[in-house]
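Data first, discussion second: the structure below is written as structure tokens.
Sequential numbering from 1 along the given sequence is applied to the chain's residues.
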Amino acid sequence: MTLLEAMSSGVPCVSTDVGGVGEVLRKEFLVPRWDPKSFAAKVSWLLEDEAKRELVRHYGRKLVEKRFSVDAMA
């Protein structure tokens, strides 16, 4: 839920590939668990480019609206 809330608020997200996270985030924003170097690299990759962050913000909001809205979940 935290990931969905962050995405719906426009927060660009990077996460480890655990549980159902892979159903929410695209592959390019997932890193293997227990790999802090990959996580840091992915966050840095995202922080370096404002246009990329804007795209991720937009994608996140639209994904939550489309697949995880109250209507979609009901």
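Taking CZ of Phe68 as the reference point, atom CE of Met1 lies at 10.0 Å (rounded to 0.5 Å). Rounded to the nearest 0.5 Å, atoms CD (Glu23) and CG (Leu63) are 11.0 Å apart. Remark: Asp49 CG to Leu55 CG distance equals 9.5 Å, nearest 0.5 Å.
Cluster annotation: Val70 and Met7 are assigned to distinct hydrophobic clusters (Ile/Leu/Val/Met/Phe/Trp/Tyr, side-chain heavy-atom contacts under 4.5 Å, transitive). Note on Leu25 and Trp45: same hydrophobic cluster, where clusters join Ile, Leu, Val, Met, Phe, Trp and Tyr whose side-chain heavy atoms are under 4.5 Å apart, directly or indirectly.
For the pair Arg53 (side chain) and Leu47 (backbone), a donor-acceptor distance under 3.5 Å is present. Between the side chain of Lys27 and the main chain of Gly22, no donor-acceptor pair closer than 3.5 Å is present.
Between Met73 and Arg67, the shortest heavy-atom contact is SD-O, 3.8 Å. Minimum interatomic distance between Ala72 and Lys66 (heavy atoms only, all atoms of both residues): CB-O, 3.6 Å. Nearest heavy-atom pair across Val56 and Cys13 is CG1-N, 4.2 Å. Among all heavy-atom pairs drawn from Ser38 and Val31, the shortest one is O-CG1, 3.6 Å. Nearest heavy-atom pair, Pro32 versus Thr16, reported as atom, atom and distance to 0.1 Å: O-CG2, 4.1 Å.
Results of the side chain to side chain contact (heavy atoms under 4.5 Å, CB included) test with Leu30 over Val21, Val14, Val18 single out Val21 as the only residue that passes.
Counting heavy atoms from C-beta on, the side chains of Arg26 and Tyr59 come closer than 4.5 Å.
Residue Lys52 qualifies as enclosed at atom NZ: its count of foreign heavy atoms under 6.0 Å is above 12.
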